[in-house]
Amino acid sequence: MSHSATTLLDLTPAAASLRLAEWATAEGLPKYRAAQLVRRLWVAPVASWQEATELPKALRERLDRDFPLPRLTLDTLQDSADGTRKYLWTLKDGEKVESVLIPSASRRTLCISSQAGCALGCVFCATGLMGFRRNLQPSEIACQARELVLRDPEDKPTNIVFMGMGEPLLNWPAVDTALTIFNSPAGLGVGARHITVSTVGILPGMKALAARPEQFRLAISLHSPLPAERLALMPIEKKYPLKDVIEAAKAFQQRITFEYVLIAGRNDRDKDALALASLARRLGAHVNLLPLHPGGSDELVPTAPARIREFRDFLTIRNIEAVVRRSRGLDIDAACGQLRVQMERKRRAQA
Ligand code: SAH
Ligand code: SF4
């Protein structure tokens with residue numbers, strides 16, 4: 001399969017540097033060339049080696065022949081009135097994944113995808129409805145940020161969250177490499193504490209992430225503190241029960257976040273808030289409350305804004321740090337998976 005071929009952009013910067021150094025030696029080039037070349041992958045990226053005009057033309061041609069740099073093709077770009085920008089990318093084999101850039105006063109947070117589709121079928125999630133297509137390669141994950149920098153260096157993200165399509169901890173080898181690319185000074189240089197991996201609680205993946213020496217942040221998609229009710233929203237509860245996920249979360253030194261999409265009558269009652277407060281207290285976690293976006297099952301109703309505030313206050317007075325995340329980019333379908341689903345509907349309608 002052509003899309004699984006390894007390129008320099010699928011390697012950590014250190015591994016890419018080694019590969020380039022070997023190549024430079026074989027080509028009879030001076031040693032310093034490798035360091036000069038590796039900068040062009042992530043630090044000062046070029047769309048193709050032809051753009052690296054500091055290099056002799058013949059060398060650029062050899063590089064393009066031996067190390068072509070893969071691109072993601074922009075399918076759709078949507079701008080929201082609040083500054084949120086949504087990108088739908090086409091991959092080599094035609095699969096489509098999304099990223100969302102969310103600017104605020106001091107940050108540019110990029111929400112990225114780790115899989116095309118998702119196998120886990122959470123009932124509220126548009127990506128879940130789509131089913132699983134395939135894992136992304138490291139380059140397909142990391143290039144969601146690289147493409148932004150190529151388009152405009154000012155768009156380089158300051159923060160990265162794995163909250164787009166897919167379950168990152170079910171694609172661990174690729175996510176592992178992508179984390180290094182994002183974090184490394186020879187990569188995109190984003191601080192580990194500014195990179196968040198969001199998971200429903202895949203235990204082997206949580207173990208692997210906790211074993212990394214950098215302090216990447218962990219967000220657990222909780223959505224209900226009550227196992228039976230969580231199971232009705234998230235089938236994965238059967239395989240990896242909440243109590244084990246909470247145990248595994250204790251291996252993380254850094255503060256953990258609970259993601260909690262509020263759904264009327266399903267997880268927004270006082271008894272839910274009480275059990276949630278108790279779990280959050282046990283882990284010292286803080287809670288992100290998310291208004292339900294459309295795109296998942298039609299039967300789910302978003303919690304009313306007044307009740308969302310009450311729910312937050314219920315947690316706050318129990319000394320749990322809870323914030324209501326603003327629904328950024330609602331006018332452009334910025335919940336994960338929504339843009340792809342919506343574009344596919346539109347194209348089917350036109351066909
Ligand atoms: N699979 C991982 C990461 C991708 S989903 C996970 O589930 O954590 C990222 C976040 O988007 C999750 O917290 C998920 O609950 C949230 N999300 C999914 N569908 C949503 C919807 N319809 N409205 C609001 N948030 C949603
Ligand atoms: Fe997959 Fe996350 Fe969506 Fe659940 S919420 S279906 S795990 S992408």
Side-chain angles (χ1 to χ4, degrees), residues 84 86 97-100 102 109-136 141 144 160-172 175 178 195-203 205-206 209 216-224 230-240 242 245 249 256-264 266-268 276 285-303 305 308 323-330 332-342:
T84 304
K86 182 143 190 168
V97 295
E98 333 182 353
S99 329
V100 186
I102 307 159
T109 302
L110 184 64
C111 175
I112 56 167
S113 297
S114 55
Q115 300 180 314
C118 180
L120 299 185
C122 303
V123 297
F124 46 81
C125 175
T127 307
L129 275 186
M130 189 186 305
F132 180 67
R133 308 297 302 246
R134 70 168 171 87
N135 278 328
L136 301 192
I141 300 172
Q144 294 170 55
I160 292 182
V161 296
F162 284 78
M163 293 186 187
M165 299 165 80
E167 168 51 55
L169 296 186
L170 285 179
N171 186 14
W172 175 250
V175 167
I195 301 175
T196 302
V197 177
S198 177
T199 181
V200 294
I202 304 299
L203 295 177
M206 286 177 73
L209 180 62
F216 296 115
R217 299 187 81 98
L218 177 72
I220 297 177
S221 286
L222 197 77
H223 308 315
S224 171
R230 188 171 191 259
L231 180 62
L233 296 173
M234 307 167 69
I236 193 68
E237 170 68 21
K238 197 173 166 73
K239 182 157 189 195
Y240 298 123
L242 191 53
V245 175
I256 286 166
T257 304
F258 286 157
E259 304 283 311
Y260 202 94
V261 174
L262 281 157
I263 307 169
R266 301 293 294 270
N267 63 5
D268 65 350
L276 173 58
H286 62 86
V287 180
N288 274 345
L289 297 171
L290 311 162
L292 174 71
H293 285 242
S297 157
D298 291 337
E299 275 145 43
L300 304 175
V301 179
T303 300
I308 293 183
V323 292
V324 180
R325 288 274 161 230
R326 271 191 297 155
S327 267
R328 298 291 299 262
L330 248 192
I332 55 163
D333 305 298
C336 341
Q338 286 188 2
L339 183 59
R340 173 171 162 161
V341 168
Q342 180 216 335

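Whatever order the structure lists ligands and atoms in, that order sets their numbers, starting from 1. In this chain, numbering begins with 1 at the start of the sequence shown.
The heavy atom nearest to atom 14 (C) of ligand 1, considering only Met234, His223, His293, is found in His223. By heavy-atom distance, the residue among Leu300, Val261, Leu120 lying nearest atom 17 (N) of ligand 1 is Val261.
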(request) Would you please test Asp268 and Ile263 for side chain to side chain contact (heavy atoms under 4.5 Å, CB included) and show each step? (result) CA-CA 6 Å; Asp268 65 350; Ile263 307 169; over 6 Å; no
(message) Please determine whether side chain to side chain contact (heavy atoms under 4.5 Å, CB included) holds for the pair Leu136 and Val97, giving the CA-CA distance in whole Å, both sets of side-chain angles, and the decisive distance to 0.1 Å.
(response) CA-CA 9 Å; Leu136 301 192; Val97 295; 4.0 Å; yes
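The side chain of Cys125, and not its backbone, has at least one atom closer than 4.0 Å to an atom of ligand 2 (non-hydrogen atoms only; side chain from C-beta on). Counting heavy atoms under 4.0 Å from ligand 1, residue Pro291 touches it through the backbone alone. When heavy-atom distances to ligand 1 are checked against a 4.0 Å cut-off, Met165 has no atom that comes that close, whether in backbone or side chain. Contacts with ligand 1 closer than 4.0 Å are made by side-chain heavy atoms of Glu259 only, the backbone lying farther away.
Against a heavy-atom cut-off of under 4.0 Å, Gly121 is close to the following atoms of ligand 2: 6 (S). With ligand atoms numbered from 1 in the order given, ligand 1 contributes 3 (C) to contacts under 4.0 Å with heavy atoms of Phe162. Using a 4.0 Å cut-off to heavy atoms of Leu120, the atoms of ligand 2 that qualify are 7 (S). Ligand-side atoms of ligand 2 in range of Gly128: 6 (S), range being under 4.0 angstrom from any heavy atom. Near Gly166, meaning under 4.0 Å from any of its heavy atoms, are these atoms of ligand 2: 8 (S). Each of the atoms 7 (S) of ligand 2 lies under 4.0 Å from some heavy atom of Val200. Atoms of ligand 1 lying under 4.0 Å from any heavy atom of Gly164, numbered from 1 in the order shown and given with element: 4 (C), 5 (S). The atoms of ligand 1 that sit less than 4.0 Å from any heavy atom of Gly166 are 1 (N), 2 (C), 3 (C), 4 (C). Those atoms of ligand 1 with a heavy atom of Thr199 less than 4.0 angstrom away are 8 (O).
Ligand 1 does not have Cys111 within reach: every non-hydrogen atom of the residue lies 4.0 Å or more from it. Taking 4.0 Å as the cut-off, Gly128 does not count as a neighbour of ligand 1 on heavy-atom distance.
Atom OH of residue Tyr260 and atom CG of residue Leu222 lie 7.0 Å apart, to the nearest 0.5 angstrom. From Ser99, atom OG reaches atom CD1 of Ile160 across 10.0 Å, with rounding to the nearest 0.5 Å. Note: Ile236 CD1 to Arg230 CZ = 8.5 Å, rounded to the nearest 0.5 Å. A distance of 7.0 Å separates CE of Met163 from OG of Ser221, quoted to the nearest 0.5 Å. In this structure, Leu120 CG and Ile202 CD1 are separated by 5.5 Å, a value rounded to the nearest 0.5 Å.
Side chains of Met234 and Phe124 form a contact here, defined as non-hydrogen atoms less than 4.5 Å apart. Side-chain contact between Phe162 and Ile141 is present, with at least one heavy-atom pair separated by less than 4.5 Å. Considering only heavy atoms from C-beta on, Arg266 stays 4.5 Å or farther from Ser224 through its side chain. Side-chain contact between Asn135 and Arg133 is absent, with no heavy-atom pair separated by less than 4.5 Å.
For ligand 1, the polar-atom distance check finds an N/O of Phe124 within less than 3.5 Å of one of the ligand's N/O atoms.
A donor-acceptor contact closer than 3.5 angstrom links the side chains of Thr199 and Glu167.
Not one N, O or S atom of Cys122 sits under 2.8 Å from atom 1 (Fe) of ligand 2.
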